[in-house]
Amino acid sequence: EDTRDYLAARLTSRIDEADLAMLQTQTDGWPVALQLAASLIGSTGVDAALRGSGEFSWAMASYLAEDVLARLPSSQLHFLLQTALFETFCAAMCNAVLEREDSLVLMQKIERENILLFAVESEGVDWYEYHPLFQSFLRNQSGAPAGEIANELHVKTAQWLAGEGRLIQAIRHALAGGAVELAAKWMALCASEMINTGQID
């Protein structure tokens with residue numbers, strides 16, 4: 001409803017429900033992304049802005065590159081690129097997997113500067129995730145973990161998560177890292193939980 005109201009106030013023509021749903025999925029309601037989308041739709045139309053030409057993706061990439069990443073120190077940028085590999089993460093996990101000691105300081109700085117980092121869980125430990133558009137952008141930047149390096153980080157992350165009792169998350173990372181046997185072992189341990197939560201049937 002918020003996305004519909006936001007666009008209705010900025011567009012002269014109505015956007016249909018399918019396009020609205022697609023835009024909501026793409027932006028997760030992020031105002032800057034909606035503002036860019038509304039501007040593009042107003043000048044080029046829905047098809048050009050959101051589908052065929054990829055103008056929206058290009059505009060978002062330009063904004064993120066020029067207005068977000070370009071002003072960051074290299075240490076903070078490197079941390080963003082590394083942690084974009086994770087769906088969710090906490091400071092202790094980042095320290096262990098990335099072999100560093102300053103993750104909490106960097107995460108607090110990122111959060112203070114409103115760089116699309118959001119708290120998703122708090123059970124004595126704060127867990128975070130990036131906005132999906134921002135995470136996707138980071139994963140495609142030069143310097144982001146890829147290939148064997150990414151696989152190794154996924155497996156290290158899986159092992160850390162398993163040690164913390166977070167087996168379902170561990171399974172996802174194990175599979176992403178190609179550690180199928182490790183994932184199968186953990187699946188056997190938490191099969192009933194996965195069935196109850198609808199992750200397998």
Side-chain angles (χ1 to χ4, degrees), residues 1-3 5-7 23-39 56-146 149-150 152-173 176-177:
E1 291 299 323
D2 289 341
T3 297
D5 292 344
Y6 185 95
L7 292 173
L23 190 57
Q24 174 65 28
T25 299
Q26 287 180 319
T27 66
D28 200 27
W30 180 30
V32 170
L34 291 175
Q35 183 179 359
L36 285 170
S39 176
F56 177 62
S57 297
W58 179 87
M60 282 306 309
S62 297
Y63 167 79
L64 291 169
E66 295 172 13
D67 289 15
V68 178
L69 299 190
R71 60 187 172 86
L72 298 178
S74 59
S75 60
Q76 195 170 348
L77 175 58
H78 183 60
F79 183 77
L80 287 171
L81 293 174
Q82 286 186 308
T83 52
L85 185 74
F86 311 134
E87 294 299 328
T88 61
F89 53 94
C90 66
M93 188 182 92
C94 293
N95 281 342
V97 174
L98 303 177
E99 299 179 3
R100 57 192 309 148
E101 299 178 353
D102 60 348
S103 296
L104 179 59
V105 172
L106 286 169
M107 288 167 63
Q108 289 173 338
K109 182 175 177 60
I110 291 168
E111 189 175 22
R112 284 197 306 271
E113 295 176 357
N114 296 314
I115 308 180
L116 300 173
L117 178 69
F118 307 102
V120 293
E121 178 181 345
S122 183
E123 297 177 353
V125 176
D126 291 330
W127 286 78
Y128 293 87
E129 66 180 12
Y130 292 117
H131 186 283
L133 274 176
F134 188 46
Q135 183 183 47
S136 177
F137 176 77
L138 289 173
R139 288 178 172 179
N140 286 287
Q141 297 307 294
S142 174
I149 294 175
E152 290 173 8
L153 289 175
H154 275 302
V155 173
K156 286 179 67 176
T157 303
Q159 291 168 333
W160 187 88
L161 288 166
E164 297 294 310
R166 304 175 74 93
L167 289 181
I168 292 177
Q169 287 177 277
I171 290 166
R172 294 193 189 106
H173 278 283

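Computed from a prediction, not measured in an experiment: that's the story for all the values here.
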Peer 1: List in chain and number order the residues that pass salt bridge (Lys or Arg N to Asp or Glu O under 4.0 Å) with Glu87, two or more places apart in sequence or in another chain; answer none if no residue qualifies.
Peer 2: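 Residues passing salt bridge (Lys or Arg N to Asp or Glu O under 4.0 Å) with Glu87: Arg139.
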
Peer 1: For Glu164 and Met93: C-alpha separation, side-chain torsions, deciding distance, then whether side-chain contact (heavy atoms from CB on, under 4.5 Å) applies.
Peer 2: CA-CA 10 Å; Glu164 297 294 310; Met93 188 182 92; over 6 Å; no

Peer 1: Who pairs with Gln169 by side-chain hydrogen bond (donor to acceptor under 3.5 Å, both in side chains), at least two apart in sequence or on another chain?
Peer 2: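 Gln169 satisfies side-chain hydrogen bond (donor to acceptor under 3.5 Å, both in side chains) with Thr88, Arg166 only.
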
Peer 1: Under the side-chain hydrogen bond (donor to acceptor under 3.5 Å, both in side chains) rule, collect the residues that match up with Asn140, sequence neighbours excluded.
Peer 2: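 Counting only residues at least two positions away or on another chain, Asn140 forms no side-chain hydrogen bond (donor to acceptor under 3.5 Å, both in side chains).
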
Peer 1: In chain order, what residues pass the salt bridge (Lys or Arg N to Asp or Glu O under 4.0 Å) check against Glu99, with sequence neighbours excluded?
Peer 2: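 Testing Glu99 for salt bridge (Lys or Arg N to Asp or Glu O under 4.0 Å), a comparison that skips the adjacent residues, returns Lys156.
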
Peer 1: So, taking the atom named CG in Leu72 and the one named CD1 in Ile110, what distance separates them when rounded to the nearest 0.5 Å?
Peer 2: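 If we round to the nearest 0.5 Å, Leu72:CG and Ile110:CD1 are 8.0 Å apart.
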
Peer 1: With Ala91, which residues qualify under side chain to side chain contact (heavy atoms under 4.5 Å, CB included), at least two apart?
Peer 2: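 Result, side chain to side chain contact (heavy atoms under 4.5 Å, CB included) vs Ala91: Ser103, Leu104, Met107.
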
Peer 1: Would you name the heavy atoms of Leu138 and Ala144 that are closest together and state the gap between them?
Peer 2: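 For Leu138 and Ala144, the tightest heavy-atom pair comes out as O-CB, 3.5 Å.
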
Peer 1: Taking atom CZ of Arg172 and atom CZ of Phe86, what is their separation to the nearest 0.5 Å?
Peer 2: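 Rounded to the nearest 0.5 Å, the CZ-CZ separation comes to 15.0 Å.
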
Peer 1: Please tell me if the side chains of Leu153 and Leu98 come closer than 4.5 Å, counting only heavy atoms from C-beta onward.
Peer 2: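 Leu153 reaches Leu98 side chain to side chain.
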
Peer 1: Suppose we screen for side-chain hydrogen bond (donor to acceptor under 3.5 Å, both in side chains). Which residues come up paired with Thr83, at least two apart in sequence or across chains?
Peer 2: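 For Thr83, the residues satisfying side-chain hydrogen bond (donor to acceptor under 3.5 Å, both in side chains) (neighbours in sequence not counted) are Tyr130.
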
Peer 1: Can you list everything that forms a side-chain hydrogen bond (donor to acceptor under 3.5 Å, both in side chains) with Gln76? Sequence neighbours excluded, please.
Peer 2: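 Result, side-chain hydrogen bond (donor to acceptor under 3.5 Å, both in side chains) vs Gln76: Glu113.
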
Peer 1: Can you tell me how far the OG atom of Ser136 sits from the CD atom of Gln141, to the nearest 0.5 Å?
Peer 2: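 Ser136 OG to Gln141 CD: 9.5 Å, rounded to 0.5 Å.
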
Peer 1: Measure the CD-CG distance between Gln135 and Leu85 for me, rounded to the nearest 0.5 Å.
Peer 2: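 Going from the CD atom of Gln135 to the CG atom of Leu85 covers 8.5 Å.
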
Peer 1: State, with a plain yes or no, whether a side-chain heavy atom of Phe79 is found less than 4.5 Å away from one of Val105.
Peer 2: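 Sidechains of Val105 and Phe79: no contact.
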
Peer 1: Going by the rule side chain to side chain contact (heavy atoms under 4.5 Å, CB included), which residues pair with Ala92 if we only count those two or more places apart in sequence or in a different chain?
Peer 2: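 Ala92 satisfies side chain to side chain contact (heavy atoms under 4.5 Å, CB included) with Cys90, Trp160 once adjacent residues are dropped.
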
Peer 1: Parallel under 30°, tilted from 30 to 60°, perpendicular over 60°: which one fits the rings of His173 and His154?
Peer 2: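 His173 vs His154 ring planes: tilted.
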
Peer 1: Can you tell me how far CG of Asp102 sits from CD of Gln108, rounded to the nearest 0.5 angstrom?
Peer 2: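 Nearest 0.5 Å value for the CD-CG distance: 11.0 Å.
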
Peer 1: Could you state the interatomic distance from CG (Asp126) to CD (Glu111), rounded to the nearest 0.5 Å?
Peer 2: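 Going from the CG atom of Asp126 to the CD atom of Glu111 covers 7.5 Å.
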
